[in-house]
Amino acid sequence: MDHFNYRNGVLHAEDVAIPAIAADVGTPVYIYSTATLERHAQVLKAALADLPRVHIAFAIKANPNLAVLGVLARNGYGADVVSGGELKRALAAGMRAEDIVFSGVGKTRAELQLGLDEGIGQFNIELEEEGAVLAQLAAAQGKRAPAVLRVNPDVDAGTHAKISTGKAENKFGVAIDAAPGIFDRLAKLPGLTLRGVAIHTGSQLTTLDPLEAAYRRVGELVAQLRAAGHAITHVDLGGGLGVPYRPGETVSAPEAFGAMVKRVTQDWDVTLMFEPGRFICGNAGVLVTEVIWVKPAVGHPYVIVDAAMNDLARPALYDAYHDFEAVEPTGEKFVANIAGPVCETGDTFAMGREIDWVESGDLAVFRTAGAYGATMASTYNSRPLVPEVLVSGDRYAVVADRIQAETIMGAERVPEWAR
Ligand SMILES: *Cc1c(COP(=O)(O)O)cnc(C)c1O
């Protein structure tokens with residue numbers, strides 16, 4: 001459920017008419033709904049309320065905007081970070097260091113050190129050598145780093161290959177068969193408090209089966225580690241819950257997820273950690289765009305919009321589907337291709353899709369753009385970096401400026417010898 005609805009034929013973000021924001025801020029622009037973010041944060045919390053000990057860390061790579069993180073921090077969420085930059089953001093947004101989990105397959109020594117200096121809550125170790133380096137860095141300061149070992153459950157998430165993370169051939173985690181040996185060796189290091197295991201199976205999972213299969217494997221591993229004498233107090237189950245992108249698409253409900261987790265983990269006696277990203281913010285954002293031209297073409301006409309693959313990369317990157325709706329639909333439809341202005345054939349949002357009738361100058365939105373949208377934006381083709389707006393009730397504010405080409409050029413230098 002989200003808070004982008006038509007009132008008197010005009011699409012609103014909560015109580016604000018989208019044309020008002022477009023007139024004020026320009027297009028393209030991302031608009032996020034505070035009420036939707038809060039609703040999803042609460043729905044997930046409620047779905048997990050039956051579990052004894054729970055820690056929820058928002059995967060901030062899905063939407064790292066400081067104002068968005070602030071909403072989630074207020075709702076009791078910690079952060080799952082995958083870089084030093086994200087770690088700084090989580091802290092800047094008011095998340096407590098102890099509520100921060102540091103994931104990622106290529107953490108540098110400097111990033112590990114930053115996490116230690118800030119006293120973050122947990123390091124998710126992705127390979128044995130990383131654990132050894134972290135232990136060394138911590139021991140050098142007389143600390144013990146709280147850590148879990150990320151294992152690769154070798155489960156097919158049944159999602160797009162580029163967002164599947166839990167197959168044996170993926171780069172993430174240690175092979176589940178190798179985990180007991182690695183755990184034994186790392187647990188002996190004085191700089192670590194190795195307290196459990198982590199997984200993350202993939203993203204945009206629309207059924208619970210792959211998650212359940214992965215969790216069951218983790219349950220077996222936990223029993224095995226305990227039998228070997230290890231104290232296992234934490235299991236991080238990762239993220240991955242999908243959201244509906246297409247009209248009529250169904251995904252598993254958070255209540256069903258909570259019930260499955262309860263069933264599978266009832267004997268585990270651990271703090272369960274979750275790292276939801278897309279589920280929290282996917283439907284909480286739209287990308288507003290203006291139609292520049294409707295260009296006749298062989299087959300179907302091209303609707304050329306002022307948003308492009310540099311603003312919303314998912315269609316070019318993952319063939320992702322984003323619903324396209326006119327902000328003031330006439331009720332008529334036509335079949336068209338939708339593309340942006342970037343000079344790449346891949347800068348195409350849809351081919352041969354039946355969409356609302358639009359003409360040059362009309363506003364439209366790409367729905368479900370709150371996750372992996374603005375965060376992946378670039379300035380390719382020297383386009384401005386897309387701005388972001390947060391709405392709450394009848395208020396809105398620009399929460400990220402449009403960064404213009406002049407500003408970006410300002411960071412570039414031409415040495416004397418290249419002039
Ligand atoms: C990306 C990621 C997540 C979040 O995934 P969603 O599908 O957005 O829920 C969680 N944990 C890790 C380690 C990730 O890399």
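Values in this document were obtained by computation on a predicted structure and should not be read as measured data. Numbering starts at 1 and runs along the sequence shown. Indexing begins at 1, ligand by ligand and atom by atom, following the structure's order. As a basis for the values below, the full set of heavy atoms in this structure was taken, side chains included, without hydrogen atoms, waters or symmetry mates.
- Listed for the Arg402 side chain is no donor-acceptor partner under 3.5 Å among the backbone atoms of Glu388.
- Within 4.0 Å of ligand 1, protein heavy atoms belong to Ala59, Lys61, Asp80, Ser103, Arg150, His200, Ser203, Gln204, Gly239, Gly240, Glu275, Pro276, Gly277, Arg278, Tyr372, listed by chain and number.
- Using modelled atom types and a 3.5 Å distance limit, the side chains of Asp184 and His230 yield a donor-acceptor pair.
- If you check the side chains of Arg150 and Asn124, you find no donor sitting under 3.5 Å from an acceptor.
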Report all side-chain donor-acceptor pairs from residues 44-52 shorter than 3.5 Å, counting only partners two or more places apart or in another chain.
from: Lys45; atom 1: NZ; to: Asn75; atom 2: O; distance (Å): 2.7

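- In summary, the aromatic rings of His322 and Tyr245 are positioned with their centroids under 6.0 Å apart.
- The aromatic ring centres of Phe274 and His55 sit 6.0 Å or more apart.
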